[in-house]
Amino acid sequence: MTASGKVYALVDCNNFYVSCERVFNPALEGRPVVVLSNNDGCAVARSNEVKALGVPMGAPWFQLKDLAKQHGIVALSSNYTLYADMSNRVMTILRDFSPHVEVYSIDESFLCLDGLAGLWKSYDALGQAIRQRVRQWVGLPVCVGIAPSKTLSKLANHLAKKKPEFNGVCDLTTLTEAELCRYFSALDVGKVWGVGRQIAKRLSYLGIDTVQTLRDAEPKLMRQHFGVVMERTCNELRGLSCLSLEEVLPPKKQIVSSRSFGTMVTRPDELREAVSSYMARAAEKLRHERSICGAIHVFVQTNRFRQQDAQYHNGVTIPLTEATSDTRRMTAAALYGLRRIYRPGYSYKKAGVMLLDLIPETVRQASLFREPDERSEKVMQVLDGLNRDYGRNTLYLASCGIQQRWSMLAQNRSPRYTTRWDELPTAKA
DNA sequence: TCTGGGGTCCTAGGACCC
DNA sequence: TCTGGGGTCCTAGGACCC
């Protein structure tokens with residue numbers, strides 16, 4: 001099935017966060033391990049042992065504590081610094097295998113394999129070589145799915161992970177129609193990329209429950225029922241490539257920074273600290289993107305899970321008179337917004353900022369009312385430089401506060417082994 | 001006690017214009 | 001009694017992804 005002549009590989013790391021932890025702590029091998037979300041809230045990565053216990057993705061940790069005690073589940077706080085660095089190492093290796101790589105998320109990439117068939121005995125051999133090298137050089141297990149469309153390569157990857165007969169690499173281009181039909185008939189339609197819970201339910205009303213029945217559905221009819229996206233998905237399932245590789249990621253359209261608090265926050269000064277801190281982070285990302293923003297959205301909310309508490313959530317968008325990436329001006333706007341939405345008497349659980357109307361800094365429009373501020377750019381360069389070279393929070397605005405009593409929980413975080421000299425792993429003789 | 005964070009795309013509906 | 005039609009733009013909300 002190579003109707004379009006395209007061939008894509010999807011390389012996906014197995015249980016990525018858990019596998020990263022195991023590289024540096026081999027004692028975790030073979031044990032049930034979860035990595036928790038920010039604030040140690042939910043299980044966002046599960047080892048196979050934990051999946052076998054029936055723990056779903058996103059399960060709240062506090063609900064798992066009994067099960068954890070019973071089976072000795074190890075729970076780790078997330079260590080994004082480590083995961084990001086490990087991810088970069090994997091992606092660097094993948095670029096050796098194909099000149100066309102789309103880094104799709106922290107743990108998966110699409111590779112275009114067009115024209116590479118001649119270099120290898122088979123696509124399967126190429127896939128195995130990728131697995132072997134990533135395992136040897138970075139220590140992480142990956143699986144590879146190969147198919148004539150991105151949507152199919154996702155499914156191929158799923159099969160590579162679940163079906164031992166593929167040994168970690170599933171090349172759909174070598175399967176017969178009958179074999180494809182057999183695998184796809186056994187797969188829930190919800191496994192298809194782009195089919196979530198709601199759409200799966202609606203598909204079910206039409207008698208479409210498996211990947212195979214969606215593949216057999218008429219694309220034009222799917223368009224009438226669900227829109228252009230589903231029509232595309234349907235065509236992709238038939239081996240007609242509709243989604244191309246996006247090698248250069250387009251500039252972001254918005255940047256969000258938000259966190260749940262480690263404790264309930266009632267005092268306005270603590271909310272101000274949190275919003276200032278989140279804004280510092282968002283502004284840093286903005287400058288890294290080489291963009292400036294034209295508006296800022298601030299929001300606060302109480303704990304929606306505590307129905308017995310008085311609930312309040314609100315947000316406000318503050319347009320800026322002039323697009324900027326200066327943390328100080330953005331923080332001032334955010335704190336102004338916060339004053340407008342803050343209501344006393346509530347226990348707040350979360351706050352955040354969103355940067356909107358982003359444009360590249362090169363198209364900055366001169367303001368009618370202000371001279372261009374070159375000093376601002378210099379100050380931000382110094383700020384970013386210090387925080388890059390000496391660690392985050394070396395230099396920050398006083399409004400971010402010092403104690404940060406509200407900051408999130410991370411009670412069991414591993415060292416940043418690969419990015420901090422003072423946290424390098426040590427080898428015992 | 002304890003329930004994540006950061007994105008994108010599409011669509012429907014309202015405002016507005018001629 | 002009778003009350004256009006078509007187009008664009010914007011926004012909010014929903015759905016999806018990892």
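Note on naming: letters A, B, ... go to the chains in the order of the sequence lines (proteins, then strands), and numbering restarts at 1 for each one.
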Trainee: Tell me the stems DNA chain B sits in, counting at least three consecutive Watson-Crick or G-U wobble pairs, each under 3.5 Å on both distances.
Mentor: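 As far as DNA chain B goes, consecutive pairing (with distances under 3.5 Å) yields the stems B:5-18 with C:5-18.
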
Trainee: Name the residue closer to the 5' end of DNA chain B, choosing between Phe226(A) and Ser258(A) according to the nucleotide with the nearest heavy atom.
Mentor: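 On the 5' side of the pair lies Ser258(A).
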
Trainee: Quick one: Asn79(A) CG to dG5(B) C1', roughly how many Å, whole number?
Mentor: 16 Å

Trainee: Compute whether any side-chain donor of one residue and acceptor of the other, for Ser325(A) and Glu361(A), lie under 3.5 angstrom apart.
Mentor: no

Trainee: Round to the nearest Å and state the distance from Tyr80(A) atom OH to dG4(B) atom P.
Mentor: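 For the pair Tyr80(A) OH and dG4(B) P, the rounded distance is 11 Å.
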
Trainee: Roughly how far apart are Leu53(A) CG and Asn48(A) CG, rounded to 0.5 Å?
Mentor: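 Between atom CG of Leu53(A) and atom CG of Asn48(A) there are 11.0 Å.
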
Trainee: What distance do Tyr8(A) atom OH and Thr151(A) atom OG1 have between them, rounded to the nearest 0.5 Å?
Mentor: 10.0 Å

Trainee: Think Arg306(A) has a side-chain N or O under 4.0 angstrom from the OP1 or OP2 of dT3(B)?
Mentor: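 Looking at the OP1 and OP2 atoms of dT3(B), neither is under 4.0 Å from any side-chain N or O of Arg306(A).
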
Trainee: Contact class for Lys201(A) vs. all strands (heavy atom < 4.0 Å): base, sugar-phosphate, or nothing?
Mentor: nothing

Trainee: Measure from CZ on Phe261(A) to P on dC2(B) and round the result to the nearest Å.
Mentor: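 For the pair Phe261(A) CZ and dC2(B) P, the rounded distance is 14 Å.
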
Trainee: Separation of Met264(A) atom CE from dT1(B) atom P, in whole Å?
Mentor: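 About 11 Å, once rounded to whole Å.
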
Trainee: Between Thr419(A) and Asp85(A), do the side chains contain an N or O donor and an N or O acceptor separated by less than 3.5 Å?
Mentor: no

Trainee: Please give, in whole Å, the distance from dG5(B) C1' to Ile255(A) CD1?
Mentor: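 Value for this atom pair: 14 Å.
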
Trainee: Can you tell me how far P of dG5(B) sits from NZ of Lys252(A), to the nearest Å?
Mentor: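 Rounded to whole Å, this separation is 17 Å.
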
Trainee: Any side-chain donor paired with an acceptor under 3.5 Å for Asn235(A) and Glu231(A)?
Mentor: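 No - no donor-acceptor pair under 3.5 Å links their side chains.
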
Trainee: Using a distance-only test with no angle check, is there a side-chain donor-acceptor pair under 3.5 angstrom linking Gln136(A) and Gln132(A)?
Mentor: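 There is such a pair (donor and acceptor under 3.5 Å, judged by atom type) between the side chains of Gln136(A) and Gln132(A).
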
Trainee: Just to confirm, is there a sub-4.0 Å distance from OP1 or OP2 of dG5(B) to any side-chain nitrogen or oxygen of Lys350(A)?
Mentor: yes

Trainee: Is it true that Asp209(A) and Ser204(A) share a donor-acceptor pair across their side chains at a distance under 3.5 Å?
Mentor: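 Side-chain D/A pair, Ser204(A) to Asp209(A): present.
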
Trainee: Expressed in angstrom and rounded to an integer, what is the separation of Asp66(A) atom CG from dC2(B) atom P?
Mentor: 17 Å

Trainee: Hey, which sits more toward the 5' end of DNA chain B by its nearest nucleotide, Val229(A) or Asn38(A)?
Mentor: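 Per heavy-atom nearest nucleotide, the more 5' residue is Asn38(A).
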
Trainee: Less than 4.0 angstrom between a side-chain N/O of Lys65(A) and OP1 or OP2 of dT1(B), yes or no?
Mentor: no

Trainee: Distance alone, cut at 3.5 Å: any donor-acceptor contact between the side chains of Glu49(A) and Ser47(A)?
Mentor: yes

Trainee: Can you tell me if Thr210(A) uses its side chain to pair, donor with acceptor, with the backbone of Thr213(A) under 3.5 Å?
Mentor: yes

Trainee: For the pair made of CG in Leu409(A) and C1' in dG4(B), what is the distance, rounded to whole Å?
Mentor: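 After rounding, the reported distance stands at 12 Å.
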
Trainee: Treating primed atoms plus P, OP1 and OP2 as sugar-phosphate and everything else as base, which nucleotides of nucleotides 7-18 of chain C get B, S or - for protein heavy atoms under 4.0 Å?
Mentor: --------SSSS

Trainee: For a side-chain hydrogen bond (donor to acceptor under 3.5 Å, both in side chains) check, start with the C-alpha distance between Ser260(A) and Asn39(A), then their side-chain angles and the critical distance, and finish with the verdict.
Mentor: CA-CA 7 Å; Ser260(A) 298; Asn39(A) 228 18; 4.5 Å; no

Trainee: So what does Ser257(A) hit on the nucleic acid, given a heavy-atom distance under 4.0 Å: a base, only sugar-phosphate, or nothing?
Mentor: sugar-phosphate

Trainee: For dC16(B) and dG4(C), measure between their C1' atoms and round to the nearest Å.
Mentor: 15 Å

Trainee: Ignoring hydrogens and angles, state whether a donor on the side chain of Tyr417(A) or Glu21(A) is under 3.5 Å from an acceptor on the partner side chain.
Mentor: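 No, because no side-chain N or O of Tyr417(A) sits under 3.5 Å from a partner of the opposite role on Glu21(A).
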
Trainee: Classify the side-chain pair Ser414(A)/Asn79(A) by whether it contains a donor and acceptor separated by less than 3.5 Å.
Mentor: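 Asn79(A) and Ser414(A) do have a side-chain donor-acceptor pair below 3.5 Å.
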
Trainee: Heavy atom of residues 266-289 of chain A under 4.0 Å from DNA chain B: which residues?
Mentor: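 Nucleic-acid contacts, sorted: Lys285(A).
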
